[in-house]
**Student:** 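Quick one: the structure is below, questions incoming.
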Amino acid sequence: MQRSSASRRREGSPWTGLWAVFFKEMADHLSSTRMRILEVLILLSAVGAVYAGAQTLRQTISEDPFLLLRVFTAAQDPLPSFVAFLSFFLPLAAIALGFDAINGEYSRNTLSRILAQPIYRDALLWGKFLAGLATIALILLALFLLVVGLGLIFLGVPPSSEEVARALLFLLATLAYTGVWLGIALVTSVLFRSAATSALAAIAVWLFFALFWGIIAQLLAQAVAPFDPFDPESELRQTEALLAFSRLSPNTLYAEAIQALLNPGVRSLGPVLISQLEGALLGAPLPLGQSFLLAWPQLTGLIALTLLLFALAYVLFQRREVRA
């Protein structure tokens, strides 16, 4: 009896094999065909958006002290801004990296062989998640350096230290936003046995928040706080309810975070009363610390949502039968 209980006890660290899984998965991601296709699409989109934005900013060189930040957000028809391209392509890239992370091992009948090695499920799941996140972080860093370099070439104005700090915080917020979609893809990969079903489920979640959640949030706000033409505060309550429901979407959290970080003139991410503006220097940019405090709840929400999704995938994976 003592021998059987001892044999069931795990030996060694639960992180044994983590880095082996990490480097193997990262090498597979960087050399895969689907990743190269996504890299080419994101690269072409980024170059086009930055070039179009720089063309519109050349006339404001002497007027705007935050030209590097404007490169990220400036748009020129028919091209959207660099931030808009990232918010569209990065969820797809995260889903492409994670939709077959676990069920792909099932379909190839390799999961039982991997876990027969001194590699626990903890290390396997962590390794796959961190490899996907590190791959996207590497791509984001390369894009960031490309955008900064193109901004220097097209505008000819070096960025200030505050602009670089805000751009790095924007990079962190983008990585946290991508981690949410990587966590969703990992959950669907554990939940569904078929890789095609997993990919469709993750894309359906993305489409739901990108297209339909705004409509649902408006309907919920109208139901919770209906507008009363005889009550002057009813419109404010409805706006606050709409904002609260909208912030249940990672898209809204990311949009508000980058709005606060890349636009120093933003002082609030919600409705502001006239009485709250008394004594404020309108038009003056906020310091970096104040903008970071403004975006901190959104950043915390994105990171917390990523951890919750990973925890859900971990619980589901622990309950799956390896040989099933």
Side-chain angles (χ1 to χ4, degrees), residues 42 45-50 52-54 56-57 64-76 79-94 133 136-137 139-148 150-151 159-184 206 209-211 213-214 217 243-244 246-272 285-306:
I42 295 175
S45 303
V47 172
V50 171
T56 62
L57 291 174
D64 199 336
F66 297 101
L67 277 179
L68 177 64
L69 303 183
R70 301 294 183 263
V71 169
F72 290 107
T73 57
Q76 184 180 23
L79 292 176
S81 65
F82 175 69
V83 170
F85 270 121
L86 284 185
S87 62
F88 178 80
F89 278 114
L90 287 181
L92 295 179
L133 204 60
I136 295 175
I139 296 174
L140 282 176
L141 181 60
L143 282 176
F144 171 75
L145 296 176
L146 176 65
V147 170
V148 173
L150 290 176
S160 63
S161 57
E162 181 176 348
E163 285 183 288
V164 174
R166 286 179 178 272
L168 291 176
L169 288 175
F170 156 71
L171 204 64
L172 176 63
T174 305
L175 187 61
Y177 171 69
T178 311
V180 173
W181 297 106
L182 186 61
I184 290 174
W206 171 64
F209 283 111
L211 300 178
W213 182 248
L243 189 61
S246 299
R247 284 173 176 170
L248 297 178
S249 168
N251 297 359
T252 303
L253 294 178
Y254 176 63
E256 291 184 347
I258 62 176
Q259 182 183 8
L261 294 173
L262 296 182
N263 190 355
V266 172
R267 295 180 172 272
S268 175
L269 298 175
V272 179
L286 281 182
L288 175 60
Q290 296 297 320
S291 295
F292 179 72
L293 289 178
L294 194 62
W296 176 247
Q298 283 71 19
L299 291 174
T300 305
L302 290 173
I303 295 173
L305 186 56
T306 301

**Student:** Could you tell me the separation between the CG atom of Leu140 and the CG atom of Leu86, rounded to the nearest 0.5 Å?
**Tutor:**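 Here the interatomic distance stands at 6.5 Å.
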**Student:** Search all heavy atoms of Leu261 against all heavy atoms of Phe292 and return the closest pair with its distance.
**Tutor:**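 In terms of heavy atoms, the two residues are closest at CD2-CA, 4.3 Å.
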**Student:** Over 60° means perpendicular and under 30° means parallel, so classify the ring planes of Phe85 and Phe89, tilted if in between.
**Tutor:**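 The arrangement is parallel - the two ring planes meet at less than 30°.
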**Student:** Mind running side chain to side chain contact (heavy atoms under 4.5 Å, CB included) on Leu248 and Trp213 for me, showing each step along the way?
**Tutor:** CA-CA 9 Å; Leu248 297 178; Trp213 182 248; 3.9 Å; yes
**Student:** Kindly write out the residues that satisfy side-chain hydrogen bond (donor to acceptor under 3.5 Å, both in side chains) with Glu256, not counting sequence neighbours, or none if the list is empty.
**Tutor:**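 For Glu256, the residues satisfying side-chain hydrogen bond (donor to acceptor under 3.5 Å, both in side chains) (neighbours in sequence not counted) are Arg247, Gln298.
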**Student:** Can you list every pair that meets side chain to side chain donor-acceptor pair (under 3.5 Å) and has a residue in residues 165-176, with sequence neighbours left out?
**Tutor:**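 Non-adjacent pairs meeting side chain to side chain donor-acceptor pair (under 3.5 Å): Glu162-Arg166, Arg166-Ser291, Thr174-Tyr254.
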**Student:** For a 4.5 angstrom cut-off between non-hydrogen side-chain atoms, does Trp181 reach Ile136?
**Tutor:**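 Not touching, per the 4.5 Å side-chain cut-off.
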**Student:** Drop me the distance from Leu145's CG to Leu141's CG, to the nearest 0.5 angstrom.
**Tutor:**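 Here the interatomic distance stands at 4.5 Å.
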**Student:** Tell me the closest heavy-atom pair linking Ser87 and Tyr177, and the distance in Å.
**Tutor:**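 Answer, listing the atom of Ser87 first, then Tyr177: O-OH, 3.5 Å.
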**Student:** Which atoms form the tightest heavy-atom contact between Leu294 and Ala260, and what is the distance?
**Tutor:**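 Result for this residue pair: CD2-CB, 4.0 Å.
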**Student:** Calculate, to the nearest 0.5 Å, the distance between atoms CD1 and CG belonging to Ile258 and Leu171 respectively.
**Tutor:**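 Rounded to the nearest 0.5 Å, the CD1-CG separation comes to 12.0 Å.
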**Student:** Please find the pair of heavy atoms, one from Ala176 and one from Leu302, that lie closest to each other, and give the distance.
**Tutor:**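 Heavy-atom minimum between the residues: CB-CB, 4.0 Å.
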**Student:** When rounded to the nearest 0.5 angstrom, what is the spacing between CG in Leu305 and CD1 in Ile303?
**Tutor:**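 Atom-to-atom, Leu305:CG and Ile303:CD1 are 11.0 Å apart.
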**Student:** Kindly compute the distance separating CG (Leu133) from CG (Leu175), expressed to the nearest 0.5 Å.
**Tutor:**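 Spacing of CG (Leu133) from CG (Leu175) equals 4.5 Å.
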**Student:** Using 0.5 Å steps for rounding, measure from the CZ atom of Phe209 to the CG atom of Leu253.
**Tutor:**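 Spacing of CZ (Phe209) from CG (Leu253) equals 10.0 Å.
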**Student:** Please report the closest heavy-atom contact between Leu299 and Ala257, naming both atoms and the distance.
**Tutor:**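 Closest heavy-atom pair between Leu299 and Ala257: CD2-CB, 4.3 Å.
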